[in-house]
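Note sheet for the following structure.
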Amino acid sequence: MRELVERAWAEAVASGALPAVPEGVEAPGVGVARPANPEHGDFATNLALKLARPLRRPPLVIAEALAPAVRAAGGDLLSGVEVAPPGFLNLRLAPAFTEAALDRARVAGPAFGRVQVERTRRVNVEFVSANPTGPLHIGNARGAFVGDLLSRVLAAAGHEVTREYYFNDFGAQVRVLGASVRALRAGEPLPEEAYRGAYVADLAAELPDEVWARATEAGADGDGIVGAWASERVRAGIEASLEHLGVHFDVWKTEGSLHREGWVERAISRLGESGHVYEQDGAVWFRSTAFGDDKDRVIRKSDGAYTYFAADIGYLTEKFSRGFDHLIYIWGADHHGTVARVRNAAQAMGFDREAVQMLLIAWVRFIRDGVEISMSKRSGEFITLDELLAEIGVDAARWFFAARGHTVGIDFDIELAKKQSAENPVYYVQYAHARIASILRRAAEERLAPAASVRGSLGRDPVALGLAAQVLRLPEVVEDAAAAEETQGLTAYAMELATTFHAFYRDRRVVDAGDPAVSAARLALVDACRLALANTLELMGISAPESM
RNA sequence: GCGCCUGUAGCUCAGUGGAUAGAGCGGAUGGCUUCGGACCAUCAGGUCGCGGGUUCGAAUCCUGCCAGGCGCGCCA
């Protein structure tokens, strides 16, 4: 539709109906919106308002001049082009076009709503990335859902998406976990800094004798041996939890592998080639200030060990070497201080810093009985993701996070969520889907089937056309969601579509054995609606039940 | 102190340059002998944190305040 208006604009200029935008003045972008008010048509463009300034003419005059060109460009696609003060052009779709589009949507089936954006990318989405020292807890929930939701949306827009989980498989945390398990197994008191959750006791009980023997033999190094076993055990549990949420990772990457395979060393020398690496006080530094950071950053400590940041830059080069042209990191908001240094390093190594993007996920305060739940893996006081989802359900949780922007802090009242779950909007949408499925079953009993094509059969019914128009918005909703890297548009759309359907159901009888022609057309329409609901829910990883 | 994020209905949140600022929950009232009442309809509820500015037009952009969160390590 935007293209159509742009084409009309170009032709209006070519034919002399409108003056061209003067040299040196930036031409405005064409905005096409879906008016909230049905009287304003199916689409509206503000082009005339935008052109008022550069052309130095009143918007209404421009709109009048533009209207015939839009009419001509629209051909039989548009049934109406109206000028409305203060200078909007309101466009109305021809029923025949809507009918044809609906037919195409039904043929596309599960692919309806998937789009192919002009510039597709190979995208790496790294998320969760919690170190395997304990089960995922509710603090990890938001990142897991946001990363998965975003991955689904990007894939639906035609991008090639790889979901990646990064974790540390050696180092202090893993040794502490090992020491904790070891102490419990030996019946010794836990070290001061130990992990204390019930899962630690479970691990101690499950520790194979063979590992235990090797650890005992190794003495002090035994913590690492037990830790390696325990962290892999925990990691597998994390993977199982995530799969249970419908979150599947394509790649599990360890920090250790980056060191072993030389990525860290190579990245540092590559960084050195840019001249932004220096030594001071026995440590190796990256001159991050050269790119606007407020201080330089240590890559290798004076004791010879690499910092976490060193692994970050090694990982950057490793990711780019795999051919990704867009790296997305889903990080907790508390990591925002590290954003600049990583992007700076990417730039210094000659990568496009714009291709490296961090999405900072704001904090979620989990509240039960009016009290915030504090979480600490060390103390063992936390609620696992599995426990949370057993309480409120995967579908409700996914909806909850999909409906909110990732930058806003959220209060998640668990009791309230449970109490409201029966009234959760997600069930409203699922109900609409189940209701349509029920209608289709009922129709089959009456020996009525959806029409193969709705051509010529909806055109005179504004209620049917209204539902069809709502159904046909899906591809544009997906495109917008992918472009904005946001999912709230999907939940809003699903709600509106369900509402429109329920109103249609109230006003129009679908299954009517006395009028098979109308029934067939309406069955086709509601089936298309069911398809749009199912595809939208699928995009969010939410089930679309046939009955409930 | 500096940096980033947030502030919209009683609650939880959408809306980031357009037409009368929306939804869900909660509240009030009404609606099936007929395709699923987990539904529908109507009503109440707003200084869009506050003040300036830009614009034909600002919740949206700029700026100064106020409030809350997070960060500012040779930790990870």
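No experiment lies behind these values; they were computed from the predicted model shown. Naming convention: chains lettered A, B, ... in sequence-line order (proteins, then strands); numbering from 1 in each chain. As a basis for the values below, the full set of heavy atoms in this structure was taken, side chains included, without hydrogen atoms, waters or symmetry mates.
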* To do: Determine the Euclidean distance between corresponding C1' atoms of B/A44 and B/C35; express it in Å to zero decimal places.
  => 34 Å
* Separation of A/Arg365 atom CZ from B/U6 atom P, in whole Å? -> 18 Å
* Asked: Across all strands shown, which nucleotide pairs with B/C43 by Watson-Crick or G-U wobble geometry, both distances under 3.5 Å?
  -> B/G27
Identify all side-chain donor-acceptor contacts of residues 491-501 of chain A below 3.5 Å with residues at least two apart in sequence or on another chain.
unit_1   : atom_1 : unit_2   : atom_2 : d
A/Thr491 : OG1    : A/Gln488 : O      : 2.9
A/Tyr493 : OH     : A/Gln470 : O      : 3.0
A/Tyr493 : OH     : A/Val471 : O      : 3.0
A/Glu496 : OE1    : A/Arg473 : NH1    : 2.9
A/Thr499 : OG1    : A/Tyr428 : OH     : 2.9
A/Thr499 : OG1    : A/Met495 : O      : 2.9
A/Thr500 : OG1    : A/Glu496 : O      : 2.8

* Structure fact -> Closest to the side chain of A/Gln488, out of B/A19, B/G15, B/A76, is B/G15
* To do: Do nucleotides 32-40 of chain B as a string where each nucleotide becomes B, S or -: B if the base has a protein heavy atom under 4.0 Å, S if just the sugar-phosphate does, - if no protein is that close.
  => --BBBSBSS
* Any ring-ring contact (aromatic ring centres under 6.0 Å, His included) pairs touching residues 403-424 of chain A, not counting sequence neighbours? -> A/Phe366-A/Phe412, A/Phe400-A/Phe412
* Asked: Below 4.0 angstrom, N of the basic side chain to O of the carboxylate: do A/Glu445 and A/Arg441 qualify?
  -> no
* **C1'-based separation of B/G36 from B/U20 [nearest Å]** => 35 Å
* Return the value, rounded to whole Å, for the distance between atom CZ of A/Arg341 and atom P of B/A76. => 11 Å
* Structure fact -> Residues passing the side-chain hydrogen bond (donor to acceptor under 3.5 Å, both in side chains) test with A/Arg398, sequence neighbours excluded, are A/Asp148
* Considering only atom C1', compute the distance from B/C13 to B/A19 and round it to an integer number of Å. => 24 Å
* Could you let me know what B/G73 is paired to, Watson-Crick or G-U wobble, both distances under 3.5 Å, or none if it's on its own? => none
Which atom pairs, one a donor and one an acceptor, fall under 3.5 Å between side chains of residues 539-548 of chain A and the rest of the protein, sequence neighbours left out?
unit_1   : atom_1 : unit_2   : atom_2 : d
A/Ser543 : OG     : A/Asp395 : OD2    : 2.6
A/Ser543 : OG     : A/Gln430 : NE2    : 3.3

* Length of the CG-C1' vector between A/Asn344 and B/G3, whole Å -> 14 Å
* Using a cut-off of 4.0 Å on non-hydrogen atoms, how would the nucleic acid contact of A/Thr407 be classed: base, sugar-phosphate, or nothing? -> sugar-phosphate
* **Nucleotide opposite B/A58 in a Watson-Crick or G-U pair, distances under 3.5 Å** => none
* Does B/C32 pair with anything, Watson-Crick or G-U wobble, both distances under 3.5 Å, and if so, with which nucleotide? -> none
* Structure fact -> Residues passing the side chain to side chain contact (heavy atoms under 4.5 Å, CB included) test with A/Tyr308, sequence neighbours excluded, are A/Tyr166, A/Glu255, A/Asp312
* Asked: Hey, does A/Ala44 reach any base, or is it just sugar-phosphate, or nothing, if we go heavy atoms under 4.0 Å?
  -> base
* Asked: Using the P atom in both, what is the distance from B/G10 to B/G46, to the nearest Å?
  -> 6 Å
* Asked: For B/U16, which nucleotide is its Watson-Crick or G-U wobble mate, given both distances must be under 3.5 Å?
  -> none
* Would you say the side-chain atoms of A/Arg522 pair up with the backbone N or O of A/Arg509, donor to acceptor, closer than 3.5 Å? -> yes
* To do: In plain terms, say whether A/Asp411 and A/Arg365 are close enough for a salt bridge, that is, a side-chain N and a carboxylate O under 4.0 Å apart.
  => yes
* Do A/Asp312 and B/A76 have a side chain to base donor-acceptor pair shorter than 3.5 Å? -> no
* To do: Let me know the distance between CG of A/Leu51 and C1' of B/G18, rounded to the nearest Å.
  => 15 Å
* Find the distance A/Glu82:CD to B/A19:C1' and express it as a whole number of Å. => 14 Å
* Asked: Quick one: is the NZ or CZ of A/Arg435 closer than 6.0 Å to the six-membered ring centre of A/Tyr505, and within 45° of its axis?
  -> yes
* Structure fact -> Those residues at least two apart in sequence (or on a different chain) that pass side-chain hydrogen bond (donor to acceptor under 3.5 Å, both in side chains) with A/Glu232 are A/Arg235
* B/U63: pairing nucleotide in any strand, Watson-Crick or G-U under 3.5 angstrom -> B/G51
* To do: Can you tell me the distance, in whole Å, between the OH atom of A/Tyr329 and the P atom of B/C4?
  => 22 Å
* To do: Can you tell me, in whole Å, how much space there is between the P of B/C72 and that of B/A28?
  => 49 Å
* Using atom CD1 of A/Ile299 as one end and atom C1' of B/G73 as the other, report the distance to the nearest whole Å. => 16 Å
* Distance between the C1' atoms of B/U8 and B/A67, in whole angstroms? -> 15 Å
* **A/Gln280 atom CD: more than 12 heavy-atom contacts under 6.0 Å** => yes
* When rounded to the nearest 0.5 angstrom, what distance separates CG in A/Leu359 from CD in A/Glu486? -> 7.5 Å
* Taking the six-membered ring of A/Phe309, is the NZ or CZ of A/Lys301 close enough (under 6.0 Å from the centre) and on axis enough (within 45°)? -> no
* Asked: Does A/Glu279 pair with A/Arg300 as a salt bridge, N-O distance under 4.0 Å?
  -> no
* Could you measure between the two P atoms, the one in B/G3 and the one in B/C65, and give it in whole Å? => 11 Å
* Asked: What integer distance in Å separates A/Phe401:CZ from B/A14:C1'?
  -> 17 Å
* May I ask you to say what A/Pro425 touches in the nucleic acid, namely base, sugar-phosphate or nothing, with a heavy-atom cut-off under 4.0 Å? => sugar-phosphate
* Asked: Where along residues 276-297 of chain A does a heavy atom fall under 4.0 Å from RNA chain B?
  -> A/Gln280, A/Asp281, A/Ala283, A/Trp285, A/Lys295
* RNA chain B: A/Glu486 or A/His40, which has the more 5' nearest nucleotide? -> A/Glu486
Write down the protein N/O and nucleotide N/O pairs, taken from nucleotides 10-13 of chain B, whose separation is under 3.5 Å; answer none if there are no such pairs.
unit_1 : atom_1 : unit_2   : atom_2 : d
B/U12  : O2'    : A/Arg404 : NH2    : 2.8
B/C13  : OP1    : A/Gly409 : O      : 3.4
B/C13  : OP1    : A/Asp411 : N      : 2.8

Can you tabulate the close N/O pairs, meaning under 3.5 Å, that link protein atoms to atoms of nucleotides 67-71 of chain B?
unit_1 : atom_1 : unit_2   : atom_2 : d
B/C70  : O2     : A/His336 : NE2    : 3.3

* Interatomic distance at C1', B/G17 relative to B/U60, whole Å -> 7 Å
* Structure fact -> Residues at least two apart in sequence or cross-chain that pass side-chain hydrogen bond (donor to acceptor under 3.5 Å, both in side chains) with A/Tyr165, listed by chain then number, are none
* To do: State which residues pass side-chain hydrogen bond (donor to acceptor under 3.5 Å, both in side chains) with A/Ser288; sequence neighbours excluded, sorted by chain then number.
  => A/Asp293, A/Asn344
